[in-house]
Amino acid sequence: MTTNNTSRPPLGTRTLGTASPLTVSAMGLGCMGMSEFYGTGDEAEAVATIRRALERGVTLLDTADMYGPFTNENLVGRAVADRRDRVVLATKFGNERAEDGTRLGINGRPEYVHTACDASLRRLGVDHIDLYYQHRVDKTVPIEDTVGAMAELVQAGKVRHLGLSEASAETIRRAHAVHPITALQTEYSLFTRDIEDEILPALRDLGIGLVPYSPLGRGILTGAITAPSDLESSDSRRTAYFPRFQGAALEANLALVTAVRRLARSKNCTPGQLALAWVLAQGDDVVPIPGTKRVRFLEENVAAAAVSLTADELGAIESAVPREAVVGERYGDMSSIDG
Ligand SMILES: NC(=O)c1ccc[n+]([C@@H]2O[C@H](COP(=O)([O-])OP(=O)(O)OC[C@H]3O[C@@H](n4cnc5c(N)ncnc54)[C@H](OP(=O)(O)O)[C@@H]3O)[C@@H](O)[C@H]2O)c1
């Protein structure tokens, strides 16, 4: 399997959630890096990537108001303006930022939920959002109040389905009691498997889908990053905000990627494809959203859906990247994480 895969098997669909089900492509497209965090984006290439994704059967596009800030929603809105009916649009609120990018904190207050939604609808240029997530749980506001306001958005027809991001099992249960939660978006990859202990079982118990973000470990699992110098100087992965990409931690983590590369070679696929195939193999309720701003990477990532792994192969991958072997926290500041 190569990036130029010509057989192009269909991507297929998966359904997120049972009480408020949403059918989407088995893999979505993360649009964040097109506007911020991972180096400089090119608007024309980003739009081409989104449109190529739709041609390849990707329906789920992921953005957030805070990406840019704000410009990523504009970009996604422009890219899909003449093809809105083919897209499942997912965006998020709650990581409040000022126009100049300053982070203002986490805001889950009910009145803010309404304001943020109206602003996202305006920037996206749409009359409804298909999947609206709270980006981070506001520990100063009862989740019932935040989700109550999100439910009002559903009743008003502005939002079709609700999601949470980086919420604990306890928060998810309380939220789901107020209004059905369709999906939890949270970090999940060969490099980040903490949710397997409590959160994933809770999702399955409640009938809530999982949307793994950073399924490529923010790019490291593709093998394309071999040293900090491979990243632009403005790339946020070069900062202490991402400990796994710093110094000795990066070196230890790259040794794990070498093992993934070796296994990928034996499957005749790329390391990134093997990493995505592993996520896809975790269940039909799992819809990863690998992020890219390039058509070439998009093609490669979509083709990962055709890589099927046996139980033995899954075991070999998990032995090559033991959970406890990954060095460094996911974020330099974990204080905004719920639980
Ligand atoms: N809910 C949350 O808190 C949260 C947090 C982070 C991300 N997200 C969402 O999840 C999406 C995906 O996560 P992510 O972007 O952080 O991480 P990711 O998908 O694990 O990795 C993205 C990185 O991998 C690179 N890449 C992608 N495909 C590649 C390929 N085939 N070969 C080589 N490199 C490749 C991208 O490069 P290029 O940029 O050069 O294309 C980018 O640097 C985001 O876009 C965003 O929508 C949500």
Side-chain angles (χ1 to χ4, degrees), residues 20 22 24 28-37 41-51 53-54 58-138 141 145-166 179 181-183 185 211 213 289 291 293:
S20 176
L22 176 62
V24 297
L29 172 63
C31 299
M32 177 185 82
M34 296 174 183
S35 301
E36 201 182 1
F37 302 117
D42 174 82
E43 161 124 13
E45 176 73 7
V47 169
T49 303
I50 290 172
R51 293 184 176 164
L54 300 180
V58 172
T59 60
L60 178 64
L61 298 182
D62 189 77
T63 178
D65 54 7
M66 64 88 75
Y67 300 159
F70 314 119
T71 51
N72 195 238
E73 286 187 331
N74 286 322
L75 171 72
V76 172
R78 276 197 300 281
V80 306
D82 61 352
R83 55 205 85 191
R84 170 71 180 96
D85 55 342
R86 289 162 57 188
V87 178
V88 178
L89 260 187
T91 191
K92 324 182 194 73
F93 74 92
N95 259 324
E96 200 177 1
R97 293 177 78 181
E99 288 289 337
D100 69 0
T102 308
R103 288 176 186 258
L104 302 176
I106 295 169
N107 193 341
R109 291 195 291 276
E111 61 279 12
Y112 178 73
V113 174
H114 285 273
T115 315
C117 180
D118 287 342
S120 284
L121 287 169
R122 209 165 38 244
R123 283 188 294 267
L124 288 162
V126 298
D127 63 5
H128 72 273
I129 293 160
D130 297 296
L131 177 55
Y132 199 42
Y133 296 99
Q134 182 184 26
H135 207 155
R136 287 288 182 278
V137 174
D138 183 343
V141 177
D145 294 358
T146 305
V147 175
M150 293 169 75
E152 288 166 7
L153 298 175
V154 177
Q155 280 137 27
K158 295 179 180 182
V159 163
R160 295 271 161 89
H161 302 271
L162 301 186
L164 302 173
S165 177
E166 290 286 359
H179 186 282
I181 300 298
T182 293
Q185 179 174 139
V211 174
Y213 80 70
I289 47 167
K293 49 172 108 64

Where is the tightest heavy-atom contact between [X] and [Y], given as atom of each residue plus distance?
{"X": "Ser120", "Y": "Asp65", "result": "OG-CB, 3.9 Å"}
{"X": "Tyr133", "Y": "Val211", "result": "OH-CG2, 3.5 Å"}
{"X": "Cys117", "Y": "Lys158", "result": "SG-CB, 4.2 Å"}
{"X": "Gly163", "Y": "Met150", "result": "O-CE, 3.5 Å"}
{"X": "Ala64", "Y": "His135", "result": "CB-CE1, 3.7 Å"}
{"X": "Pro110", "Y": "Val141", "result": "CD-CG1, 4.4 Å"}

If I take atom [atom1] from residue [X] and atom [atom2] from residue [Y], how far apart are they, to the nearest 0.5 angstrom?
{"X": "Leu60", "Y": "Leu22", "atom1": "CG", "atom2": "CG", "answer": "7.5 Å"}
{"X": "Asn74", "Y": "Glu43", "atom1": "CG", "atom2": "CD", "answer": "9.0 Å"}
{"X": "Met32", "Y": "Phe37", "atom1": "CE", "atom2": "CZ", "answer": "6.0 Å"}
{"X": "Lys92", "Y": "Ile129", "atom1": "NZ", "atom2": "CD1", "answer": "11.5 Å"}
{"X": "Leu131", "Y": "Leu89", "atom1": "CG", "atom2": "CG", "answer": "10.0 Å"}
{"X": "Tyr132", "Y": "Thr182", "atom1": "OH", "atom2": "OG1", "answer": "15.0 Å"}

Any donor-acceptor pair under 3.5 Å linking the side chain of [X] with the backbone of [Y]?
{"X": "Arg103", "Y": "Asn95", "value": "no"}
{"X": "Thr59", "Y": "Val88", "value": "no"}
{"X": "Ser35", "Y": "Cys31", "value": "no"}
{"X": "Arg78", "Y": "Ala81", "value": "no"}
{"X": "Thr49", "Y": "Lys293", "value": "yes"}
{"X": "His161", "Y": "Ser20", "value": "yes"}
{"X": "Thr146", "Y": "Gly108", "value": "yes"}

Flag the pair [X] / [Y] as yes when at least one side-chain heavy-atom distance between them is below 4.5 Å, and no otherwise.
{"X": "Val47", "Y": "Leu75", "value": "yes"}
{"X": "Met34", "Y": "Leu29", "value": "yes"}
{"X": "Val137", "Y": "Leu164", "value": "no"}

Checking Asn72 against Arg123 for the side chain to side chain contact (heavy atoms under 4.5 Å, CB included) test, could you report, in this order, the C-alpha distance in whole Å, the side-chain angles of both residues, the deciding distance, and whether it holds? CA-CA 9 Å; Asn72 195 238; Arg123 283 188 294 267; over 6 Å; no

Run Tyr213 and Asp62 through side chain to side chain contact (heavy atoms under 4.5 Å, CB included) and show every step you take. CA-CA 10 Å; Tyr213 80 70; Asp62 189 77; over 6 Å; no

Please evaluate residues Ser165 and Arg136 with respect to the criterion side chain to side chain contact (heavy atoms under 4.5 Å, CB included), reporting the C-alpha separation (whole Å), side-chain torsions for both, the decisive distance (0.1 Å), and the verdict. CA-CA 6 Å; Ser165 177; Arg136 287 288 182 278; 3.6 Å; yes

Stepwise side chain to side chain contact (heavy atoms under 4.5 Å, CB included) test for Leu61 and Thr63: CA-CA 7 Å; Leu61 298 182; Thr63 178; over 6 Å; no

Can you list the residues that meet the side-chain contact (heavy atoms from CB on, under 4.5 Å) rule with His114, with sequence neighbours excluded? Ala149, Glu152, Leu153

Those residues at least two apart in sequence (or on a different chain) that pass side-chain contact (heavy atoms from CB on, under 4.5 Å) with Ala44 are Asp42

Suppose we screen for side chain to side chain donor-acceptor pair (under 3.5 Å). Which residues come up paired with Arg160, at least two apart in sequence or across chains? His128

